[in-house]
Amino acid sequence: YLNGINVNNIKTNGNPKFTAPNGGDFSGKNNFLKEAFNVDISNISKRTQEISLENEFEKELEKEFENSKPVVRKSRLDKLNPDKTSKLNRVKMTDTEIIKSWIDEGQSVLLRGPSGIGKTERIKKLYPDLIYIKLTNNMFPEKVVGSMNLQTGQSIPPDYAKHAIMSCATEDEKKLIKENIQNLYDLSDTIYERSKNSDKKVVIMLDELLNVKPAVQSLVYTLVLNKIVETGKGLKLPANTVVVATGNQKKYSNVAEDLAEPLEKRFDHILDMQPKVGEWLSEYAIPNKIHPSVIGYIFSKYRENRKSEDIDDMGYFYEEPEIGEKQIDENGCRGRTNDPRGWVSISNTLYAFEEDLKNGKFIGKDVENMLRVTINSKLRIEWAEEFIDFYNHPVISVEEVVSNSYSKADLPRDINEKFACLSGLLGADEKQVGACRDFIKKYCDPEYLSVYDIYWVGNDENRMLKLSELKELETLDDNENDTQLAW
């Protein structure tokens, strides 16, 4: 019917319920589609052709996609970063690395966080020549902003400003300044301009900025903002000067003060720091030769907690102050909390205790009880008992390893004993270290050997050379064994 079939004989052609008033002739003005839908047939035909072309185009794209590599869209970072390391193999930068990157770019930094986690120490380690200013509520303002001689009208710069400018001055300029301090003001602009192109950073550390009253905080406003000391006409510090400040948030200190908003906004970066076990071990404890038992204990707990950096899981290393306050001892005294600074104190105590033992100071005395009392004075009892047990694990001596005079019963059996064994072998000299490394490699995991190597070498160049020789010999032995297996 719709296709113009002659339906005169409706009984044998089509549905008898429908009729064709025009006798099945749908040409011209009687065209069924025009009458029924008011659609231009030519437009339908044109769109049909367009759809057909689109389908063909899509098929071509699909075919091209199938025959080529998937198209990967690069992000802005991917385009800018020349690093070819797989993203899965990239490691997160430590807080110390991030802080150093900011300072090296000349950007001011405010570090906030609890006491004892190394805010100040890590900056001192990164920049040993930094200019340190400890802020206190009773300090004289002239220590920060300088003063003026009322009789002569001469400006007197604060010591840290003189130090900063002298560190960037030429020898001739230093001589002039030493002859007359007023030359410091005349030369400061010249030194400022020249130091713009210097890669070396003059770091000024404002320690305890958040623990002083707003009146003291306000003294450093222009120092942070413009690197200018407000004395006399104003003293420009070198352009490569970087201001770093530290302090505790209120939750960690009863004397902490809020930083005035205008001053807070003048810092390029504010980093709220948390204690991190891994960073402390690698960046502080091992390089600074913290007692091996402290390193071993902390590292074993760190591994046991699956390298957790969650404060809730690291009570052995650090506890929030309020947690310790809830732990009341048998005498009704507030419990002690653990923090990195406390572990450094324990390390110092152990070194001193062991030295006294070697010198026979405690002959006839119950030294185990003395050690227990000593550690209990520093740690809450549950941590103290666990640490003492770890410290007192049976360990194989260096001499026993070198002479091969140990039995199977002496071998370390669990993670604690392995770390205790590792710490006991750190006293090896350069002739003994090869045997100790072989022992650790055989009876502990490779990870323990890596820790041992780092700690044993420290910053000793001779030991670095010795370790390189040992590793080179190991590589030759491995290659020789591979060759024999191949044959």
Side-chain angles (χ1 to χ4, degrees), residues 99-111 119-136 138-209 212 216-246 263 266-269:
I99 293 166
K100 185 177 188 306
S101 175
W102 288 339
I103 295 175
D104 287 348
E105 291 297 324
Q107 298 164 355
S108 57
V109 184
L110 170 60
L111 305 178
K119 298 185 298 295
T120 302
E121 287 303 316
R122 73 182 71 202
I123 304 300
K124 286 183 176 179
K125 183 180 177 182
L126 288 173
Y127 304 94
D129 297 328
L130 64 75
I131 300 169
Y132 180 80
I133 306 174
K134 178 70 174 285
L135 300 177
T136 62
N138 58 358
M139 72 186 304
F140 293 111
E142 50 264 34
K143 289 192 70 175
V144 179
V145 297
S147 60
M148 183 172 288
N149 187 319
L150 297 178
Q151 292 180 331
T152 63
Q154 288 186 328
S155 298
I156 304 172
D159 289 341
Y160 76 88
K162 178 182 175 182
H163 189 167
I165 293 174
M166 290 283 275
S167 68
C168 296
T170 64
E171 291 303 318
D172 288 340
E173 289 167 341
K174 289 177 182 178
K175 184 178 178 182
L176 284 171
I177 293 169
K178 288 176 181 178
E179 290 173 354
N180 185 351
I181 193 65
Q182 295 308 301
N183 289 329
L184 187 73
Y185 294 87
D186 298 330
L187 293 169
S188 63
D189 288 349
T190 302
I191 294 172
Y192 176 87
E193 290 300 324
R194 187 177 63 246
S195 63
K196 285 180 179 178
N197 300 320
S198 174
D199 292 330
K200 181 183 177 183
K201 300 304 173 187
V202 178
V203 177
I204 296 177
M205 166 161 279
L206 305 173
D207 204 10
E208 305 293 356
L209 176 62
V212 294
V216 179
Q217 292 178 355
S218 65
L219 295 176
V220 302
Y221 183 85
T222 55
L223 173 62
V224 176
L225 176 60
N226 296 320
K227 300 174 186 175
I228 290 178
V229 177
E230 292 182 299
T231 174
K233 67 173 185 178
L235 187 62
K236 262 189 177 180
L237 298 184
N240 55 337
T241 299
V242 182
V243 178
V244 181
T246 66
L263 178 55
R266 291 306 179 267
F267 283 96
D268 295 312
H269 302 284

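When reading the values below, keep in mind they use all heavy atoms of this one structure, side chains included, and skip hydrogens, waters and symmetry mates. Here the structure is a predicted model, which means the values were calculated and not measured.
The minimum heavy-atom distance linking Phe267 with Ala245 is given by the pair CZ-CB, 3.7 Å. Taking both residues in full, the closest heavy atoms of Ser195 and Ala239 are given as OG-N, 2.7 Å, listed atom of the first, atom of the second, then distance. Smallest separation of non-hydrogen atoms from Ala164 and Pro238: O-CG, 3.5 Å. Annotation for Thr136 and Asn138: closest pair OG1-OD1, 2.9 Å, computed over non-hydrogen atoms. Shortest non-hydrogen contact noted between Ile204 and Tyr160 is CD1-CD1, 3.9 Å. Of all the heavy atoms in Lys143 and Pro158, the pair that sits closest is O-CB, 3.4 Å.
Residues meeting the side chain to side chain donor-acceptor pair (under 3.5 Å) test with Glu193, sequence neighbours left out: Lys196. The side-chain contact (heavy atoms from CB on, under 4.5 Å) test applied to Asn226 returns Ile228, not counting sequence neighbours. Legend: residues meeting ring pair (Phe, Tyr, Trp, His ring centres under 6.0 Å) with His269, ordered by chain and number and at least two apart, are Trp102. Legend: residues meeting side-chain contact (heavy atoms from CB on, under 4.5 Å) with Asn197, ordered by chain and number and at least two apart, are absent. Every residue two or more places apart in sequence or in another chain that forms a side chain to side chain donor-acceptor pair (under 3.5 Å) with Glu173 is listed here: Thr170, Arg194. Ser167 pairs by the side chain to side chain donor-acceptor pair (under 3.5 Å) definition with nothing, not counting sequence neighbours. Scanning for side-chain contact (heavy atoms from CB on, under 4.5 Å) contacts around Ser198 gives Lys200, Asn240, with sequence neighbours left out. A search for side chain to side chain donor-acceptor pair (under 3.5 Å) contacts involving Gln182 returns nothing, not counting sequence neighbours.
You'll find the side chain of Met166 reaches within 4.5 Å of the side chain of Lys178, heavy atoms only. Put simply, the side chain of Ile103 reaches to within 4.5 Å of the side chain of Ile123, judged on heavy atoms. For the pair Leu223 and Leu237, the minimum side-chain heavy-atom distance is below 4.5 Å. The shortest distance between side-chain heavy atoms of Ile156 and Ile181 does not fall below 4.5 Å. By the 4.5 Å heavy-atom criterion applied to side chains, Ile165 and Leu235 are counted as neighbours.
For the atom pair CZ (Arg266) and CG (Leu110), the distance works out to 14.0 Å, reported to the nearest 0.5 Å.
Judged by distance alone, the side chain of Ser108 and the main-chain N or O of Asp268 form a donor-acceptor pair under 3.5 Å. Not one N or O on the side chain of Lys201 forms a donor-acceptor pair closer than 3.5 Å with the backbone of Val242.
The salt bridge (charged side-chain N to carboxylate O under 4.0 Å, His left out) pairs that include a residue from residues 157-172 are Glu171-Lys174, where partners are two or more places apart or lie in different chains. Residue pairs meeting the side-chain hydrogen bond (donor to acceptor under 3.5 Å, both in side chains) criterion with at least one member in residues 121-131, sequence neighbours excluded: Thr96-Arg122, Asp104-Tyr127, Arg122-Glu279.
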**Item:** side chain to side chain contact (heavy atoms under 4.5 Å, CB included) between Leu263 and Val220, intermediate numbers included
**Value:** CA-CA 9 Å; Leu263 178 55; Val220 302; 4.2 Å; yes
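Here the rule is side-chain contact (heavy atoms from CB on, under 4.5 Å) with Met205, and of Ile133, Thr120, Ile131 only Thr120 fits it.
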